[in-house]
Structures are given as C-alpha cells and as structure tokens.
Colleague: 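Pasting a structure here, questions to come.
Source: prediction; values computed, not measured.
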Amino acid sequence: MFTTFPIPSTSSSRPNPSPSSASPTATQPPRPRQKRSQVTRACDWCRTHRIKCDTNHPCLNCQARGGQCSNDQTNSIRTLPHAFREIERLRQRHKELQEELEEERNRNRNQAASLVVPSGSQILATSGTPGLPRSTPLGLVADSGGSPQKYWEGIYIHTTKSPTKTWYGPSSLLYFISRLAVFLASKLQQYCPERYTQCNLGAKTLGGPFNPPEKPTDEGDRTPSDGPIEAKEYLTPTQEEYFLDFYWQSYHTTLLVINEDDFKQHYKSLWAGSRRNRKPSALVDIVIALCMQYGVARARSNSTSLKAADIDAGDAALAGRWYYCRCQTILAYELESPTISTLQCNILSVVWLCSASLQNIADNTLALTARTAQRLGLHLSPPQDVPPRERELRKRLWWSIYVLETKISMKLGRPFLLHPSRASCGLPGDDHEVATLSGSNFAPLGDHVTWLSWNLHITKLVLVARNVYTEFYDKYPDVFDGDDSQTIYDTTKALEAYADFLITHMKDLENWVKDVPDALKTPRQNRGIPFSTDCSSLEIEQFAPLWVQHQRILLELLYHNLCTNLYRPFISFKQTSSSPPPTHSSSYTSPVETCACSCASHAMAATQIMHQVLSTTDILTGWHEAFQWQWNCSMTLVGFVLAYPNGDLAQAAHESIGASLEVLETYSRSFAIAASVASLVRGVGETLDHIVAPPQLESKVQAGDEAGRNKVPVPIVHQDEQVAAAVGLADDDVRSTGLHEESITNLRDILEASMEMAVAVDGYNSSNMWWPGMESIGL
C-alpha cells in the first residue's frame with residue numbers, strides 16, 4: 001500500500017562528467033577568481049581610445065598596432081576646472097617670485113650703498129663749518145616705496161700728501177675721533193682748521209731708507225747704518241735661520257697658512273748647490289720679512305733709545321722691507337697663473353703691511369688676495385679627489401683670508417669684500433687626526449683640543465661679530481630717517497631704540513664665550529671669570545709653551561676689542577635727557593648709557609690684560625696688533641670720560657688711561673710710532689685730570705688734608721659745565737676751575753696729533769721708501 005521512493009543523491013542531480021574530465025581533483029572546490037591587475041596610468045593611445053591598457057612598455061595594444069607607446073600628455077590639462085586650478089597656481093607662484101625678487105633687491109641696496117652724496121650732518125654739529133672733516137653717508141638708495149633710505153655716514157679726510165681724501169666708515173677710530181673733534185669745536189665756539197685732521201706725520205719725517213731727514217740726535221739714538229734694518233744687504237744663512245725660528249712660536253700658531261714640514265723642505269731645497277746664496281723664493285722672503293719685523297721689535301723692547309721723532313727708515317716696523325719688496329717682485333710674475341704658494345705670500349704680505357702701519361696698502365693687497373683665492377676655488381668645498389691634508393690646508397687658507405678681511409673692513413668701516421652666502425667651504429677641522437696631518441708636532445691641549453682649535457674658535461668669533469656688525473649697521477635706515485640737518489644723536493628715541501637693538505644681538509657674542517674650551521682660557525685670580533669685564537688679575541701658567549699663552553691672550557684681547565668697537569657708537573657727546581648724568585656706574589639705566597658703559601668696560605678689561613702681560617711676561621712683546629688694540633682702547637676711554645665725566649666709572653676709566661700709557665710706553669721701545677702715541681696719551685691724561693678731579697680738590701689732596709679728603713665729596717658738575725671748563729668758555733665761574741688758555745691749546749694740539757696718529761697708517765708714503773731711485777726717473 002505504501003510505496004517507498006528512493007531520495008536522489010546530490011551527485012545524481014549533477015550531470016555525469018565526461019570520461020575525459022574525470023580526475024582525482026574533480027572533487028576539490030574551485031579556485032577563487034584572480035583580481036585583475038590595475039594599471040597606474042594608461043598610455044596616451046589607450047586613454048584616447050578608452051581601451052584597457054597594461055603595465056608593459058610598450059603595451060600590448062601598441063605592439064599589436066605597431067605604433068608608439070608614450071605618456072607625454074599625462075600632465076596636460078584636459079578639463080576646464082583643471083585649467084582654472086592651474087591658472088590660479090601659476091598666479092600664486094608668480095606673486096611669490098616677485099616678492100622674493102623685491103626682497104633680494106632691497107638686500108642688495110642695503111649692502112651696496114651705491115650712491116654717495118655729500119652731507120655734513122653726521123659729523124658736523126654745525127653743518128657747513130669750514131675746515132672740519134666733511135662726512136658722507138654710506139649711501140642714499142630708494143626702497144620699494146621710492147623714498148630714500150639714509151645710511152650711517154662716514155668721513156672723508158686727507159691722508160699724507162695725497163690731494164684726494166680717503167673715506168673711513170662709522171665703525172673706524174677716525175670717525176670716533178672726528179666726533180670728538182666736533183664736540184670740542186662746538187664748545188670752543190670756533191673753527192677747527194683742516195690741518196687738525198690731516199695725516200702728515202710720516203711725510204714730515206721720511207725721506208727714504210738711505211737718506212733719513214737730517215735732525216740733531218744723540219749718537220746712541222740712531223740705529224747703526226750697517227744694521228739689518230737700514231742696510232740693503234740681505235741676511236746670511238745663519239741670520240735667516242735665527243729669524244725664521246721666531247715664526248713657528250708666533251705667527252705659525254695664530255695664522256695657519258703654512259705647512260711646517262713642506263716649508264722646511266722647500267727652504268732646504270733652495271740651498272742646493274750653494275752654501276752662501278739660496279735660490280729666490282717669494283714665500284721664504286715674506287716669512288723672513290715678517291720674522292725680522294717681529295724679531296727686531298722684541299730685541300728693541302729692552303732699549304730706551306727710541307724717541308717719538310725716530311719714525312724713519314730705521315723703525316722696527318719697517319724691518320725686512322727689502323725682503324718684502326723682493327717678494328712682491330717675484331709675485332708680479334705669478335699674477336696670471338697664481339698658485340697656493342702665491343696665496344700664502346699674499347696673506348703674509350697683508351700681515352706685514354698691517355704691522356708696518358700701512359693699512360690702506362694692506363686693504364688693497366687683501367682685495368687681490370680674496371680674488372686670487374676665488375680663482376683657485378678655495379671658496380668652494382675642496383674636491384673629493386684631493387688628499388685630506390691638502391683639503392684641510394685649503395680650508396684654513398680660505399678662512400684665514402675671511403678673518404683678515406673681516407677684521408680690516410670692520411676696523412676701517414668699509415664694505416666687506418667676501419660674503420659667506422657665496423661660499424660653500426666648510427670650517428677647518430681641529431681634531432687630533434687633522435692636527436697630525438698639519439705638518440707640525442705640538443702637544444694636544446686636551447681630549448678634544450689641539451693647537452688647531454684656536455684657529456677654529458677665532459673664526460667663529462669673527463663670524464659672530466661680523467653678523468652683529470652687519471645687522472647693526474643695516475638696521476640704521478629703519479631706526480633713523482631724519483633729514484640732513486639732524487643726526488641720530490639728535491633723536492633720543494631713535495638712539496634708545498638703536499641701543500636696544502644692539503644689546504639684543506650682543507648676546508650672540510656672550511653665547512660664543514660659553515663654547516670656548518677651558519684650555520683656551522687664561523684662568524683668573526680670586527675666582528675671576530675669563531672673557532668678563534671684572535678686570536681681575538690673570539693667573540698666567542708658568543710652564544706653558546709660549547704659543548699656548550700667545551693663543552689664549554690674543555683670543556681674549558680680540559674679543560674685548562670687537563666688543564669695544566661695536567658698543568662705541570653709543571658714546572654720545574649729547575645729553576639724552578634733561579636730568580644730570582648718573583653718578584655711579586650701576587646707575588647707567590638707559591640703553592644708550594648701558595652700551596657706553598659696556599664699551600668702556602671692555603676697553604678697560606683689554607687694557608688691564610695688556611698691562612699685566614707686558615709688565616710680567618714677554619708674551620706680547622713686539623706684537624704690533626696688540627699695540628694697535630691699546631691705541632684704540634685708549635682713545636675710546638678718552639671719549640668716554642669726556643662724554644660721561646661723573647661717577648665711579650669715569651674715575652676708573654681715567655685710571656685705565658694711565659695704565660694704557662704704561663702699555664704704550666712699553667711698546668715705544670719696540671715701535672717708534674708708539675713713542676709718539678704715548679706722548680699724546682700722556683698729554684690727554686694730564687688734561688683730563690682737570691675734568692675728572694677739579695683743581696680745588698687736587699690741592700687739598702696734595703696738601704695732605706686727610707680730613708678734607710675724607711669729608712669733602714667730589715663736586716658733581718653738569719657735563720656742559722665740565723666741558724666748558726675744560727675748553728675755557730667765557731664764564732667766570734667756570735674759569736675758576738683753573739683750566740687756562742694754555743690747557744685749551746694743549747687739548748687741541750693733542751686732538752690734532754691724535755688724528756695724525758690714527759691715520760699714520762699711511763705715513764710711509766714716499767716712493768723712495770719702497771723703490772729707491774724712482775726720483776731719478778721722474779716718478
């Protein structure tokens with residue numbers, strides 16, 4: 001009755017596979033479908049025809065049709081929105097490029113200062129006053145808005161017998177002395193003759209190396225005519241060796257431009273085949289000239305025979321001039337094809353000229369040296385195929401030129417010749433491996449300090465100082481925009497803002513001090529701090545090599561000298577407020593007075609260092625650059641005392657002038673010009689005695705009135721009254737201070753000689769001095 005129907009199986013519902021498809025894997029599940037590979041970008045032909053393309057190149061479609069497969073039109077604009085977006089992008093880029101171009105043009109205008117026009121406002125308190133040095137700005141250029149920008153003015157003055165005036169910038173000592181001259185002239189209410197600013201000191205005394213001017217002198221005051229200075233004959237081999245020994249402990253460790261091993265081998269090869277006459281060599285000649293200049297100055301340090309009138313061919317500053325002249329003659333043949341040796345000679349020639357007080361010739365030689373270095377490619381990174389020893393030498397040469405050029409340009413206030421933005425040469429190395437390759441065997445100063453470290457840190461110091469200097473003087477048009485009848489010293493607000501700007505940037509120099517290793521610092525007594533202005537006594541290491549002490553002292557002196565020059569523009573001879581000047585150094589609260597105080601503090605610190613070093617050691621004996629630094633500090637302190645004659649700091653500055661006089665007198669035994677400078681500073685100090693300490697108080701002190709000295713305070717007189725007393729204005733109350741007409745005349749004579757000393761850098765201008773016999777051919 002019931003019928004059972006069999007349930008069909010799953011396999012029976014499927015069609016039977018054919019015998020050909022039967023296999024053991026027929027029961028496995030099917031493979032997943034493989035994803036189609038994506039093409040990042042179809043070629044031009046496939047994209048145009050909207051067909052599938054592949055990743056091959058050429059693709060299969062292009063291969064099949066036999067055509068070219070390319071993607072040249074991948075960036076083409078194919079839609080209108082895309083075109084609008086592209087137009088907007090190009091407009092924005094065009095605007096950015098215009099802004100960058102305008103910024104670059106403004107920067108070039110600030111640096112170039114191309115248009116120089118006469119103006120008597122910066123230097124002359126009374127513009128149009130005849131006879132005074134006429135000042136000119138660095139330039140008047142139009143900014144982006146078309147209005148002129150006024151840059152800080154310089155000064156034109158006569159140098160020696162030249163009818164053409166020479167320009168010195170606002171950072172130069174000459175500019176500062178001219179400001180001081182105008183200040184005193186305005187108080188005297190009379191003109192200062194132009195002769196007060198002319199430099200004819202050397203021209204008055206020099207006739208030539210063979211025929212010095214006839215003058216009555218003692219027999220012992222003259223250098224023997226057969227000495228190595230006045231005689232034209234060159235040195236013997238023994239004498240050359242004597243002077244060359246000076247180089248390795250002095251200039252070699254402070255001016256790293258020569259490989260010691262290479263030089264000694266070169267010098268030895270010059271004597272091959274002869275024992276009496278060596279072959280000519282410009283490099284050897286200039287090294288000997290430099291060593292003679294330094295060695296003769298050291299030898300004369302124990303002599304008292306030099307006097308102020310002995311600035312002639314027998315001066316130690318001109319020692320070695322015959323070797324210098326012969327070096328220049330040889331270099332003339334290498335101008336077209338200079339070598340590394342040519343560059344080394346030029347660098348050492350600049351140093352010799354600076355030590356000979358020929359700053360303008362040194363400036364010209366330095367320009368040639370800079371161009372020669374660029375011709376040799378030293379401003380670029382050394383090629384990789386150059387040996388490591390030569391690569392480091394090229395770096396040291398380039399940065400030595402850069403440091404020299406920066407120091408001279410800042411000293412004379414002239415535009416820089418070299419710009420770091422156009423150079424890619426890295427800083428020189430100072431590790432032990434590099435020191436080993438340098439060719440000199442000096443003991444290391446520490447784990448990470450070698451004899452090359454001084455060169456690295458002084459390069460960094462100059463870089464930082466130059467950056468502050470550039471930012472400071474480029475800021476002038478933004479701070480002061482007055483007319484020609486005013487100066488920045490007439491605008492208190494602008495001067496205060498300018499001082500604030502400098503104080504902010506001077507922190508970079510303070511940060512540099514923190515990075516100087518202790519091995520390059522001279523310790524202080526009584527927990528004094530190196531590179532500070534606390535004027536603490538030095539703790540000079542007794543058994544340290546001369547070159548180590550030389551490096552330490554010179555590094556700190558250069559730091560103080562740079563700071564002095566950067567702060568000096570704010571020694572203002574005009575009151576910045578109606579209130580009397582502060583009566584204590586700690587009360588210098590305004591930015592201008594703070595900068596002036598810092599300037600004097602650095603000048604006093606440098607003076608204290610040189611005074612102690614010269615009175616107890618021979619580290620700086622015969623070192624002409626240190627003498628120039630002291631002369632710079634001395635005149636800076638004189639200006640500070642006249643500008644701020646009240647308070648304890650003025651008294652300390654006055655006492656520092658006395659210490660600087662002792663330093664200059666020490667150098668007067670080495671350099672004849674130092675004797676004249678010492679005489680000038682002595683006269684200045686005697687004149688300033690009437691300003692800092694009134695005569696009435698002096699008489700009480702000299703009389704031994706101890707009660708009066710303890711009870712009677714020093715009278716505080718307003719600055720105008722003090723200066724009026726110093727220059728003898730017609731006020732009976734002021735005249736009662738005791739400064740008579742004779743003191744007024746002395747002060748003006750001192751100022752005249754100060755200008756002459758400052759520009760005595762060009763004193764040796766006679767052609768007979770360098771090339772005897774020129775007069776015979778009418779030159």
Side-chain angles (χ1 to χ4, degrees), residues 112-141 150-186 191-206 353-354 356-367 408-417 473 476 484 487 565 568-569 628 631-632 635 673 748-749 751-767 769-770:
S114 56
L115 181 59
V116 178
V117 299
S119 171
S121 61
Q122 182 68 24
I123 291 296
L124 303 182
T126 56
S127 60
T129 302
L132 284 174
R134 191 156 182 85
S135 60
T136 58
L138 291 177
L140 291 175
V141 297
K150 183 177 180 179
Y151 287 85
W152 200 306
E153 299 173 349
I155 178 176
Y156 278 114
I157 62 171
H158 283 293
T159 56
T160 63
K161 297 178 179 179
S162 174
T164 304
K165 294 184 177 181
T166 304
W167 182 82
Y168 294 87
S171 63
S172 64
L173 178 61
L174 269 174
Y175 182 84
F176 179 74
I177 295 178
S178 63
R179 285 179 52 215
L180 180 58
V182 172
F183 168 68
L184 295 177
S186 64
Y191 300 149
C192 286
E194 189 175 0
R195 64 185 179 87
Y196 282 1
T197 60
Q198 291 181 356
C199 173
N200 54 10
L201 183 62
K204 289 178 180 178
T205 57
L206 289 180
L353 290 167
C354 288
S357 295
L358 298 166
Q359 304 295 339
N360 284 327
I361 303 179
D363 197 17
N364 293 337
T365 305
L366 188 57
I408 292 179
S409 297
M410 292 171 62
K411 176 182 177 181
L412 302 180
R414 294 171 182 167
F416 296 114
L417 302 174
Y473 286 100
Y476 184 83
D484 290 344
T487 71
N565 292 344
R568 187 166 56 198
Q628 293 177 338
W631 165 235
N632 181 69
M635 292 307 301
I673 192 174
R748 296 182 62 186
D749 290 341
L751 184 60
E752 173 191 2
S754 298
M755 293 295 289
E756 290 184 341
M757 287 295 100
V759 294
V761 295
D762 303 304
Y764 309 110
N765 67 325
S766 174
S767 60
M769 171 60 61
W770 304 105

Colleague: With rounding to the nearest 0.5 angstrom, report the CG to OH distance, L180 to Y175.
Modeller: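 Between atom CG of L180 and atom OH of Y175 there are 13.0 Å.
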
Colleague: Taking all non-hydrogen atoms of both residues, which atom of G413 and which atom of P170 are closest, and how far apart?
Modeller: O-CD, 4.3 Å

Colleague: Write down the atom of R568, the atom of R179, and the distance for their closest heavy-atom approach.
Modeller: O-NH1, 4.1 Å

Colleague: Report the C-alpha separation of I155 and W167 in whole Å, then their side-chain angles, then the decisive distance to 0.1 Å, and conclude whether the side chain to side chain contact (heavy atoms under 4.5 Å, CB included) test is met.
Modeller: CA-CA 6 Å; I155 178 176; W167 182 82; over 6 Å; no

Colleague: Heavy-atom distance under 4.5 Å between the side chains of Q359 and C354, does that happen here?
Modeller: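 A side-chain contact exists here, since the closest heavy-atom pair is under 4.5 Å.
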
Colleague: Determine the minimum heavy-atom distance between Y473 and P569, stating which atoms define it.
Modeller: OH-CG, 3.7 Å

Colleague: For L417, what residues pass the side-chain contact (heavy atoms from CB on, under 4.5 Å) criterion, not counting sequence neighbours?
Modeller: A367, E405

Colleague: Among all residues two or more places apart in sequence or in another chain, which pass the ring-ring contact (aromatic ring centres under 6.0 Å, His included) test with F416?
Modeller: Y469

Colleague: Less than 4.5 Å apart, any side-chain heavy atom of L173 and any of W631?
Modeller: yes

Colleague: Output all residues satisfying side-chain contact (heavy atoms from CB on, under 4.5 Å) with D363, sequence neighbours left out; order by chain, then residue number.
Modeller: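 side-chain contact (heavy atoms from CB on, under 4.5 Å) list for D363, sorted by chain: I408, L412, R414.
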
Colleague: Nearest 0.5 angstrom please: N632 CG to N565 CG, how far?
Modeller: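 Answer for the CG-CG pair, N632 versus N565, is 4.5 Å.
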
Colleague: Minimum heavy-atom separation for S409 and P415, please, with both atom names.
Modeller: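 S409 and P415 have their closest heavy atoms at OG-O, 3.7 Å.
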
Colleague: Rounded at 0.5 Å granularity, tell me how far OH in Y156 sits from OG in S178.
Modeller: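 Answer rounded to 0.5 Å: 14.0 Å.
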
Colleague: To the nearest 0.5 Å, what is the distance between CD1 (I361) and CG (L366)?
Modeller: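 Separation between the atoms: 13.5 Å.
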
